[in-house]
Amino acid sequence: EFYITLAKVGFITVGLEHESREVLLPQIQTHYALLDHKDLHISRHVQKLLDRQPFTFTINTRFTEVIEGIKACHENCWISSHYEALLHQLYTGDFKDFKLICTEISDSFTNTLVAGEIGYLCNNIYTGLTKFSLKEKAYTNWGNLQRVVLTQYLDSKGIHFSNLGQPQMQYKLDLGARIYPRKAFLEKCGLL
């Protein structure tokens with residue numbers, strides 16, 4: 001309930017180990033990367049993948065594998081054992097105005113899970129928590145493919161913008177995200 005309450009007022013909450021204890025850490029950013037889905041930019045490389053469709057996009061079918069992929073991909077991953085248990089509770093629970101979702105991109109020919117993301121729907125906004133993609137050359141640009149296909153899916157369901165969190169990663173801006181200071185972020189989310 002605490003996690004969901006924080007999400008509803010605009011916090012992205014991560015896990016942190018502090019003095020051998022695991023705690024929830026609500027993050028207050030000074031700036032946020034927000035993607036209006038109408039501004040989505042699809043690179044030439046991702047467009048080629050979309051045209052060929054060598055992939056399968058699924059939602060909520062490979063949750064445990066996506067979590068494992070995230071932990072394997074990110075050194076010092078903030079998904080601690082307690083936070084992972086919380087994600088499982090949020091994933092399987094039924095909550096008012098909050099839904100944790102997992103999206104997956106798999107190789108259509110081998111069924112290899114290539115990219116995945118964990119995020120949530122709240123206040124008619126999608127918030128991406130964390131994602132991963134395989135680093136093999138054969139799967140170059142599949143991480144961006146996952147985000148593009150997810151954005152198109154969300155937009156088709158009436159979710160018209162995504163909170164991509166910290167704005168320091170160039171791929172977010174390359175996708176068309178804009179940087180908003182906290183006050184403008186809260187106004188856009190209807191929280192002020």
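Here, residue 1 is the first one in the sequence, and each next residue gets the next number. Reckoned from all heavy atoms, side chains included, excluding hydrogens, waters and symmetry mates.
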So salt bridge (charged side-chain N to carboxylate O under 4.0 Å, His left out) across residues 149-159, not counting sequence neighbours, yields none

Residues at least two apart in sequence or cross-chain that pass salt bridge (charged side-chain N to carboxylate O under 4.0 Å, His left out) with E68, listed by chain then number, are K71

Contacts of K48 meeting salt bridge (charged side-chain N to carboxylate O under 4.0 Å, His left out) (sequence neighbours excluded), chain-then-number -> none

Hits for side chain to side chain donor-acceptor pair (under 3.5 Å) against T5, two or more places apart or cross-chain, chain-then-number order -> none

Those residues at least two apart in sequence (or on a different chain) that pass side chain to side chain donor-acceptor pair (under 3.5 Å) with T56 are S108

Please check this pair: side chain of T140 against backbone of K137, looking for a donor-acceptor N/O pair closer than 3.5 Å. yes

Shortest non-hydrogen pair, K172 vs L164, comes out as NZ-O, 2.6 Å

Sorted by chain and residue number, the ring pair (Phe, Tyr, Trp, His ring centres under 6.0 Å) partners of F11 (sequence neighbours excluded) come out as none

query = Does Y171 share a hydrophobic cluster with L173, counting links as ILVMFWY side-chain heavy atoms below 4.5 Å and allowing steps through other members?
reply = no

Residues at least two apart in sequence or cross-chain that pass ring pair (Phe, Tyr, Trp, His ring centres under 6.0 Å) with F98, listed by chain then number, are Y120

By side-chain contact (heavy atoms from CB on, under 4.5 Å), R21 pairs with (sequence neighbours left out) none

Hits for side chain to side chain donor-acceptor pair (under 3.5 Å) against Y139, two or more places apart or cross-chain, chain-then-number order -> D107

Quick note, side chain to side chain donor-acceptor pair (under 3.5 Å) partners involving residues 123-135, not counting sequence neighbours, are E117-Y126, K131-Q146

Indicate every side-chain donor-acceptor pair of residues 176-192 with a distance under 3.5 Å to a residue at least two apart or in another chain.
unit_1: R182; atom_1: NH1; unit_2: Y32; atom_2: OH; d: 2.4
unit_1: K188; atom_1: NZ; unit_2: D36; atom_2: OD1; d: 3.3

In short, ring pair (Phe, Tyr, Trp, His ring centres under 6.0 Å) pairs touching residues 66-87 with sequence neighbours left out are W78-Y83

Shared hydrophobic cluster, L129 / I125 (ILVMFWY, side-chain heavy atoms < 4.5 Å): no

message: How about CD on E1, more than 12 heavy atoms from neighbouring residues, nucleotides or ligands closer than 6.0 Å, or not?
response: no

